[in-house]
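Each remark here refers to the structure printed beneath this line.
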Amino acid sequence: MSTTTIRKLTMARAISEAIAQEMERDPRVLVWGEDVGAYGGIFGATQGLLPKFGEDRVIDTPISESAFIGAAIGASAEGLRPVVELMFVDFFGVAMDQIYNHLAKNHFMSGGSVRHPVVLMTAIGGGYNDAAQHSQSLYGLFAHVPGLKIVVPSNAYDAKGLMIRSIREDDPVMYFFHKGLLGLGWMPSDDWAEVDVPEEPYEIPLGQAHVAGDGKDAAVITIGAMVPKVMAARDRVAQEGISVEVVDLRTLVPLDRRAVVAAAQKTHRVLVVDEDYRSFGMTGEVAATLAEEALDYLEAPIRRLAVPDVPIPYSRVLENTVIPSVDAIADEIRALVK
Amino acid sequence: MSTTTIRKLTMARAISEAIAQEMERDPRVLVWGEDVGAYGGIFGATQGLLPKFGEDRVIDTPISESAFIGAAIGASAEGLRPVVELMFVDFFGVAMDQIYNHLAKNHFMSGGSVRHPVVLMTAIGGGYNDAAQHSQSLYGLFAHVPGLKIVVPSNAYDAKGLMIRSIREDDPVMYFFHKGLLGLGWMPSDDWAEVDVPEEPYEIPLGQAHVAGDGKDAAVITIGAMVPKVMAARDRVAQEGISVEVVDLRTLVPLDRRAVVAAAQKTHRVLVVDEDYRSFGMTGEVAATLAEEALDYLEAPIRRLAVPDVPIPYSRVLENTVIPSVDAIADEIRALVK
Amino acid sequence: MSTDSMPSDELVSLYRTMCVIRTYEDRLAEIYTEGKTPLFSIAAGPVPGEMHLAAGQEPVAAGVIVHLRSDDVITAPHRPHHFAIAKGVDLKRMTAEIFGKKTGLSQGKGGHMHLFDPQTHFSCSGIVGAGFPPAVGAAFAFKRQGEDRVAVAFAGEGAANQGTFHESLNLAASWHVPVVFVIEDNHYAISVPKERSTAVAKNSDRASAYGIPGVYVSGNDVLAIAEAAEKAIARARQGHGPSLLEIETTRLYGHFQGDAEAYLAAGEKDEWRHLDPVPRFRDYLLHSGRMTPDKDQMLQAEARALVDEAIAFARESPDPDPADAFTDVFANA
Amino acid sequence: MSTDSMPSDELVSLYRTMCVIRTYEDRLAEIYTEGKTPLFSIAAGPVPGEMHLAAGQEPVAAGVIVHLRSDDVITAPHRPHHFAIAKGVDLKRMTAEIFGKKTGLSQGKGGHMHLFDPQTHFSCSGIVGAGFPPAVGAAFAFKRQGEDRVAVAFAGEGAANQGTFHESLNLAASWHVPVVFVIEDNHYAISVPKERSTAVAKNSDRASAYGIPGVYVSGNDVLAIAEAAEKAIARARQGHGPSLLEIETTRLYGHFQGDAEAYLAAGEKDEWRHLDPVPRFRDYLLHSGRMTPDKDQMLQAEARALVDEAIAFARESPDPDPADAFTDVFANA
Ligand SMILES: Cc1ncc(C[n+]2csc(CCOP(=O)(O)OP(=O)(O)O)c2C)c(N)n1
Ligand SMILES: Cc1ncc(C[n+]2csc(CCOP(=O)(O)OP(=O)(O)O)c2C)c(N)n1
Ligand SMILES: [Mg+2]
Ligand SMILES: [Mg+2]
């Protein structure tokens with residue numbers, strides 16, 4: 001019988017613990033990116049790694065995202081398993097070619113002979129007034145291009161298991177952590193995400209959605225930082241007698257379409273909630289899946305709630321208008337079951 | 001009474017004529033990009049412009065997409081109206097930050113005080129065995145991020161009117177021309193796209209879909225190079241007694257959702273066809289729009305046909321497998337009406 | 001202090017600009033903590049979000065921009081206030097923007113890293129290295145339009161390792177357009193010291209890779225800066241093409257407010273204090289008899305009044321309307 | 001010809017490599033037209049898609065790669081055949097890939113711009129400038145793993161204006177990793193001449209921006225190239241860090257097959273003919289008595305046989321199965 005130590009961890013701690021455990025297990029695992037060393041990562045995802053593993057394995061880079069993300073391509077082909085941090089997902093545009101034309105496609109273009117076991121982790125999300133170039137989610141855009149696995153944890157338990165699995169994958173994985181879930185003292189953060197986490201390493205397979213809340217009147221399909229907000233809205237409408245199923249997708253690639261369809265089959269009414277832009281993204285893909293595979297089960301039009309195709313504005317009142325709030329989610333649920 | 005000269009033009013000619021006419025009308029309009037001068041654009045979109053307007057207005061650039069696309073930002077803010085060519089859309093990743101974080105957002109981030117009248121035109125599409133880094137469509141990805149208008153003409157008439165309108169817009173417009181529609185002698189090209197084009201300048205407004213074919217049993221919603229293929233499939237199934245409505249979206253942003261819904265209301269069965277990747281893109285957004293706004297009219301599940309989330313393979317037999325063919329479209333239509 | 005061929009009133013005017021900047025940044029540092037204590041919380045208070053202050057870097061802004069006209073273009077980085085102030089951006093509207101108010105430059109849509117002022121041709125961006133290409137484009141427009149205007153792109157020494165630096169300098173040199181690239185070397189990019197990220201000691205030495213002049217100005221010395229900038233800007237304005245300046249300066253606050261700077265060696269920051277340019281320049285002006293103590297008092301009082309006024313304006317201004325979030329995505333709707 | 005301290009058999013071996021490359025490229029040029037005449041059609045024939053041939057550029061590949069081991073890494077650009085051949089990529093599987101066949105290096109998924117061979121640590125990319133960062137990463141892996149392997153990134157002179165060039169040279173120099181950057185200066189990037197796109201005459205002068213050695217080798221001279229490359233590669237292998245070579249060469253075909261080269265001045269190309277390295281090197285070897293005419297005949301016959309065999313293999317190989325299009329997106333499905 002094995003004993004497992006379980007502690008409450010913030011998501012930031014869960015992520016850095018996962019990386020540390022994989023670095024201990026496998027000398028090929030290294031970390032690099034901007035301010036991942038002495039600073040410990042601007043959002044704490046690499047906290048404690050430098051003292052533990054030294055400058056040979058935890059490496060601060062110049063502000064040269066194309067070069068240091070592209071370096072992960074060559075390094076992984078030659079035996080390393082880098083975990084690379086792109087400080088904010090919003091900066092992807094300076095390095096996208098290395099990401100999507102090479103890291104993502106080389107395995108295919110080589111007929112399977114080249115592998116890039118690389119985790120590209122990055123901070124997403126708004127809610128703290130950092131405006132249009134520091135508050136986006138954007139995972140829908142990466143999910144659109146083939147060759148990248150897309151992981152978006154909603155809590156510390158998932159964050160650890162998904163990170164360990166991501167590092168062990170032989171494919172490039174983009175790992176998106178929402179700043180408002182990390183449990184950073186200085187950032188508004190959802191306590192919901194700080195949960196019990198076993199000390200031992202464990203994996204959560206990619207492509208398996210999680211039913212975060214059981215319900216029968218309606219289903220909300222969502223991901224990342226919207227999960228706790230949807231759960232709060234669920235509590236609120238429960239008092240009005242509305243029972244809501246909540247599906248946390250956890251990964252967009254692979255997408256657990258079966259779970260999406262199952263939720264519709266069960267509740268017949270579906271709302272999709274996302275912090276990414278509304279059009280041509282996650283909410284569209286989920287709704288389309290239902291229109292293809294669950295049409296006969298739908299008793300009401302699909303509803304979508306996401307950032308309404310505007311850049312994230314700076315001012316608090318404006319940002320609060322565009323990022324789905326618990327209120328707005330509850331309203332959508334009410335409209336859905338009406 | 002005015003007389004209008006009308007000629008059949010290839011789409012490449014229609015585009016270069018549109019640019020030339022706008023350059024004549026407005027000295028602020030300039031063209032730059034790689035090989036747009038003496039070469040006339042690798043796909044002929046700038047053919048004839050250098051001799052006509054000289055090196056001050058038709059400018060070959062270094063292979064520095066971030067710099068020369070970013071230069072359009074500063075130039076447009078200070079009085080010019082550049083038409084910039086990104087040789088293949090596949091190269092966007094080296095310049096995406098300038099495109100989506102700046103060109104697209106500055107108007108919003110400045111509260112409307114800064115304008116960027118810039119057309120970024122680019123070649124898309126496969127079908128000639130140019131493999132994974134030279135055959136993509138990718139407009140779905142640009143449609144996902146706010147601030148860019150997305151134009152994808154299917155024929156020479158639309159190409160000219162949409163280009164003229166795009167140049168006159170005060171917003172950044174991404175203009176995607178499919179290599180297989182241009183009427184280049186050396187590239188497999190659909191004759192369907194070579195149509196009558198008035199010599200005089202004219203505009204086609206952005207955001208208005210076009211019903212390319214009337215029908216009642218099913219509707220196919222599509223765009224760009226898939227339009228002629230869908231029209232061919234329509235002819236084929238017509239012989240089997242199936243009457244197909246074809247909607248050419250023409251622009252993705254703005255998206256003519258009304259036309260999408262109208263097609264479903266009319267035919268009750270909808271297929272969405274695209275040459276971009278299937279997931280998290282155009283087909284998803286269109287299907288989602290129907291699931292939101294036309295659910296009650298749908299008598300069959302929505303069907304989608306697009307590149308099945310794999311990089312475009314090189315080998316002819318493989319590429320033919322992944323790019324929607326007339327055969328595959330016809331099969332989808334048959335399955336839809338069954 | 002290096003050469004001082006400038007007349008006294010110009011020197012005092014430089015000092016005045018530096019005082020306004022310093023007063024502004026110190027005041028923002030204070031205000032930024034409002035509502036954020038005892039536990040620092042980035043989203044709380046009247047000024048939320050990231051806050052990058054430029055106290056210590058005043059000479060770069062003052063010394064370069066003194067040579068610019070209001071119709072010259074500036075592109076600035078994430079740390080933009082000193083440049084905006086020196087360029088003459090309306091302090092009230094700028095401050096209102098930083099407070100997220102309807103009266104702000106962008107009606108609260110932009111915020112501290114996204115200050116746009118078409119009147120003074122000022123803009124900035126939160127993306128490191130992003131300001132280089134637009135400056136080249138603006139300069140190209142000037143050349144094409146036959147204007148004798150100049151564009152200046154400012155960026156930190158960390159930004160000089162971005163691909164846009166290289167592409168833009170090459171393009172500017174190839175196009176021979178009137179742009180000056182100014183690198184602020186404050187020794188750090190967040191926690192990463194220059195010598196660990198940059199393969200050469202001076203980015204100005206990189207100018208030779210583009211066949212353009214490159215000058216390093218050490219000591220955070222506003223007069224030396226003004227002298228070097230004068231040449232570079234005149235050169236551009238006269239049609240002789242781009243150049244590159246790198247200017248040693250010092251970051252007196254952390255990278256952003258809330259940065260504990262745990263990555264600094266003990267005492268490291270004290271060494272930079274000698275580069276604090278405001279008291280040094282003040283002493284120089286006083287000791288050389290170019291400014292009287294009274295004048296100094298007056299200027300400081302003026303700076304405080306200006307800043308007070310801007311902050312009062314911002315505080316009293318209304319929030320935007322929630323519906324404003326949906327406008328200005330496109331100009332032609 | 002410049003210095004020739006190499007033993008004759010090594011010289012002849014260089015010549016042999018160049019002959020195989022030339023024979024291969026000339027043959028591909030022929031085959032490429034199959035099915036595409038009388039009206040050129042890019043998608044038709046046994047070898048469709050774009051085709052960038054390297055005839056004329058043999059000395060770069062031969063002269064540099066002669067110093068590499070099979071476990072050293074090469075990243076190559078869109079014009080990759082000469083590098084692949086010199087590196088020892090299996091010619092049959094490479095050719096089958098170019099023919100889009102199941103027996104190809106990538107089972108027909110990659111094509112001419114996407115040749116991957118883990119056995120010889122060779123890869124290439126169709127994106128200009130994209131090979132620089134992966135080469136730095138590979139070199140980093142060698143250093144980290146304590147191996148004395150070297151990475152070489154090849155690219156055209158046009159690619160040196162991409163941001164990745166700058167970022168990668170800086171990163172390599174900062175990390176002090178064993179990588180050599182080799183720029184092939186064939187004077188043109190498609191239709192754009194170097195002097196209209198590049199602000200300095202020699203990209204090798206840009207090495208000083210990274211504190212690393214930079215050497216320009218003119219004349220398309222395989223011996224001079226081999227000499228310069230030997231130093232740079234030895235330097236890297238011995239742990240002394242990166243360097244940059246720029247090598248003058250010449251593009252004997254158009255940018256891609258089908259390029260009418262209308263942008264060239266009349267007679268411009270004739271001037272390049274004197275740089276055609278294969279006959280020049282042959283003449284040198286024959287006249288200096290380092291190679292007999294018989295040996296030459298034999299080598300040429302061998303080259304033809306090798307190429308014939310590869311092409312026959314490719315022609316006879318089966319197409320991939322349509323279902324193959326769906327595999328290899330991910331390694332862990
Ligand atoms: C492309 C990009 N990468 C990273 C960042 C995050 N970041 C913001 S400021 C900064 C440091 C910039 O250093 P430097 O250019 O020296 O300017 P300083 O802050 O010292 O004024 C970094 C890494 C960013 N905003 N954009
Ligand atoms: C990022 C990017 N921009 C543009 C292109 C289109 N393109 C392919 S090859 C080429 C010219 C390359 O010139 P150079 O680097 O000198 O190599 P050469 O073809 O002369 O061998 C261009 C512009 C591309 N493939 N990738
Ligand atoms: Mg700095
Ligand atoms: Mg070249």
Side-chain angles (χ1 to χ4, degrees), chain A residues 33-43 50 55 59-68 70 87-88 90-95 97-98 126-135 179-180 184-189 277 307-323, chain C residues 36 39-44 47-50 78 97-102 104 106-114 125-130 156 158-164 189-194 196-199 255-256 258-259 262-264 319-329:
Chain A
E34 293 155 11
D35 307 285
V36 297
Y39 204 107
I42 295 299
F43 302 106
L50 177 66
E55 289 183 352
I59 305 157
D60 282 334
T61 60
I63 309 175
S64 309
E65 286 85 355
S66 278
F68 73 74
M87 192 186 289
F88 289 68
D90 311 70
F91 310 157
F92 84 95
V94 300
D97 179 65
Q98 293 292 323
Y128 64 104
N129 311 101
D130 221 11
Q133 296 176 337
H134 288 76
S135 305
K179 289 162 252 173
L184 303 170
W186 49 277
M187 175 73 70
S189 197
Y277 300 117
V307 174
D309 298 334
V310 304
I312 312 287
Y314 165 66
S315 181
R316 194 174 284 130
V317 53
L318 300 178
E319 189 185 29
N320 288 344
T321 305
V322 305
I323 296 187
Chain C
K36 294 195 184 68
L39 288 178
F40 176 74
S41 171
I42 188 170
V47 179
E50 282 176 74
H78 58 285
E97 186 59 32
I98 294 170
F99 277 67
K101 295 301 181 73
K102 177 84 179 176
S106 306
Q107 299 143 52
K109 287 176 182 168
H112 137 82
M113 286 188 277
H114 310 294
S125 166
I127 304 296
V128 170
N161 293 322
Q162 269 288 349
T164 50
I190 309 187
S191 72
V192 182
K194 186 183 191 185
R196 302 198 55 175
S197 65
T198 306
H255 170 72
F256 35 37
D259 176 6
Y263 48 85
L264 295 183
D319 278 336
D321 194 86
D324 293 344
F326 299 91
T327 58
D328 297 326
V329 181

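We name chains A, B, ... by the order of the sequence lines, and we start the count at 1 in each one.
Looking at C:Met113 and A:Gln133, their side chains never come closer than 4.5 Å, going by heavy atoms from C-beta outward. No side-chain heavy atom of A:Tyr128 sits less than 4.5 Å from a side-chain heavy atom of C:Pro48.
Nearest heavy-atom pair, A:Tyr314 versus C:Gly108, reported as atom, atom and distance to 0.1 Å: CB-O, 3.4 Å. Across C:His114 and A:Ala131, no two heavy atoms sit closer than the pair CD2-CB, 3.7 Å.
When each of A:Ile63, A:Thr61, A:Val94, A:Asn320 is checked for heavy-atom pairs under 4.5 Å with chain C, A:Ile63 comes out on top. Your options are A:Ile312, A:Val322, A:Asp60, A:Val317, and the one with the most heavy-atom pairs under 4.5 Å with chain C is A:Val317. Top candidate by heavy-atom pairs under 4.5 Å with chain A, chosen from C:Ser41, C:Pro320, C:Gly126, is C:Pro320.
Rounded to the nearest 0.5 Å, atoms OG (A:Ser315) and CD1 (C:Ile98) are 13.0 Å apart. The OG atom of A:Ser64 sits 6.0 Å away from atom CD of C:Gln162, with the distance rounded to the nearest 0.5 Å. A:His134 NE2 to C:Glu50 CD: the interatomic distance, rounded to the nearest 0.5 Å, is 5.0 Å. The CZ atom of C:Phe99 sits 11.0 Å away from atom CZ of A:Arg316, with the distance rounded to the nearest 0.5 Å. Remark: A:Trp186 CH2 to C:Lys36 NZ distance equals 12.0 Å, nearest 0.5 Å. Taking CG of C:Asp321 as the start and CG of A:Leu318 as the end, the distance is 8.5 Å to the nearest 0.5 Å.
Only the backbone of C:Ala44 comes within contact range of chain A, with heavy atoms under 4.5 Å apart. Neither the backbone nor the side chain of C:Leu39 has a heavy atom closer than 4.5 Å to any heavy atom of chain A. Within the 4.5 angstrom heavy-atom criterion, no atom of C:Thr164 approaches chain A. Residue C:Val192 touches chain A through both its backbone and its side chain, counting heavy-atom pairs closer than 4.5 Å. C:Asp328 does not touch chain A: none of its heavy atoms, backbone or side chain, sits under 4.5 Å away. For a residue to count as touching a neighbouring chain, one of its non-hydrogen atoms must lie under 4.5 Å from one of that chain's; by this rule C:Ala189 touches chain A with backbone and side chain alike. When heavy atoms are compared at a cutoff of 4.5 Å, A:Ile42 approaches chain C solely by way of its side chain, counted from C-beta outward. With a 4.5 Å cut-off on non-hydrogen atoms, A:Ser66 does not touch chain C at all. For chain C, the nearby parts of A:Val310 are the backbone and the side chain; heavy atoms of each come within less than 4.5 Å. With a threshold of 4.5 angstrom between heavy atoms, A:Asp309 approaches chain C through N, CA, C or O but not through any side-chain atom.
Checked by atom type, the side-chain pair C:Ser191/A:Asp35 shows a donor-acceptor distance below 3.5 Å.
Using cut-offs of 30° and 60° for the angle between ring planes, the A:Tyr39 and C:Phe256 rings count as perpendicular.
For the pair A:Glu55 and C:Arg196, the salt-bridge criterion is met [side-chain N within less than 4.0 Å of a carboxylate O].
Annotation: salt bridge (charged side-chain N to carboxylate O under 4.0 Å, His left out) contacts of C:Asp324 (sequence neighbours excluded): C:Lys102. A:Tyr277 is linked by a side-chain hydrogen bond (donor to acceptor under 3.5 Å, both in side chains) to A:Gln136, counting only residues two or more places apart in sequence or in another chain.
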